[in-house]
Amino acid sequence: MDLYIPIIVLGVLAFAFAAGSVLMASMTGPKRWNRARLDAYECGIEPTPQPVGGGRFPVKYYLTAMLFIVFDIEIIFLYPWAVTFDSLGVFGLVEMVLFILTVLVAYAYIWRRGGLEWD
């Protein structure tokens, strides 16, 4: 349990700092509210009205998010491989080449199907 004490203390300090910052900002911040301040701001463009249940996002938004996750996970796997590259030898090199080829095949498929085009 002694090994976890620094992690617990760091978590408590982080929570206390976050809660204290929000509390201090609400106590010391300006209290002038007006209609312009409460409106949504979209890069200087007047916001368009949304339906009551919220707007629907196009499917392409979710596809782009999934693509980001796939390539982000690829990078996460490349870091430990790069750190232990010397000890893995030829086996590690072959496995990483196969992994990258698999991801590149998926990338080529998405590119050919128009998944990277924004209409």
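For the pair R112 and Y109, the minimum side-chain heavy-atom distance is 4.5 Å or more. Looking at L104 and E74, their side chains never come closer than 4.5 Å, going by heavy atoms from C-beta outward. Residues L93 and F85 are in side-chain contact: their nearest non-hydrogen atoms beyond the backbone lie under 4.5 Å apart.
Under a hydrophobic clustering in which Ile, Leu, Val, Met, Phe, Trp and Tyr are joined whenever their side-chain heavy atoms come within less than 4.5 Å, directly or via other members, I75 and F71 fall into the same cluster. Under the 4.5 Å side-chain heavy-atom criterion for Ile, Leu, Val, Met, Phe, Trp and Tyr, M66 and I76 are members of distinct hydrophobic clusters. Side-chain heavy atoms closer than 4.5 Å link hydrophobic residues (I, L, V, M, F, W, Y) into clusters, and following such links, even through other members, never connects F99 to V90. Under the 4.5 Å side-chain heavy-atom criterion for ILVMFWY residues, no single connected hydrophobic cluster contains both L101 and V94. Hydrophobic clustering, with ILVMFWY side chains joined whenever heavy atoms are under 4.5 angstrom apart, groups L67 together with I69.
Checking I5, V12, I7 one by one against V9, the side-chain contact (heavy atoms from CB on, under 4.5 Å) holds for a single residue, I5.
Remark: the backbone N or O of M96 is not paired with any side-chain donor or acceptor of W81 at under 3.5 angstrom.
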Evaluation steps, side chain to side chain contact (heavy atoms under 4.5 Å, CB included), between M1 and I8: CA-CA 10 Å; M1 186 63 181; I8 294 169; 4.1 Å; yes

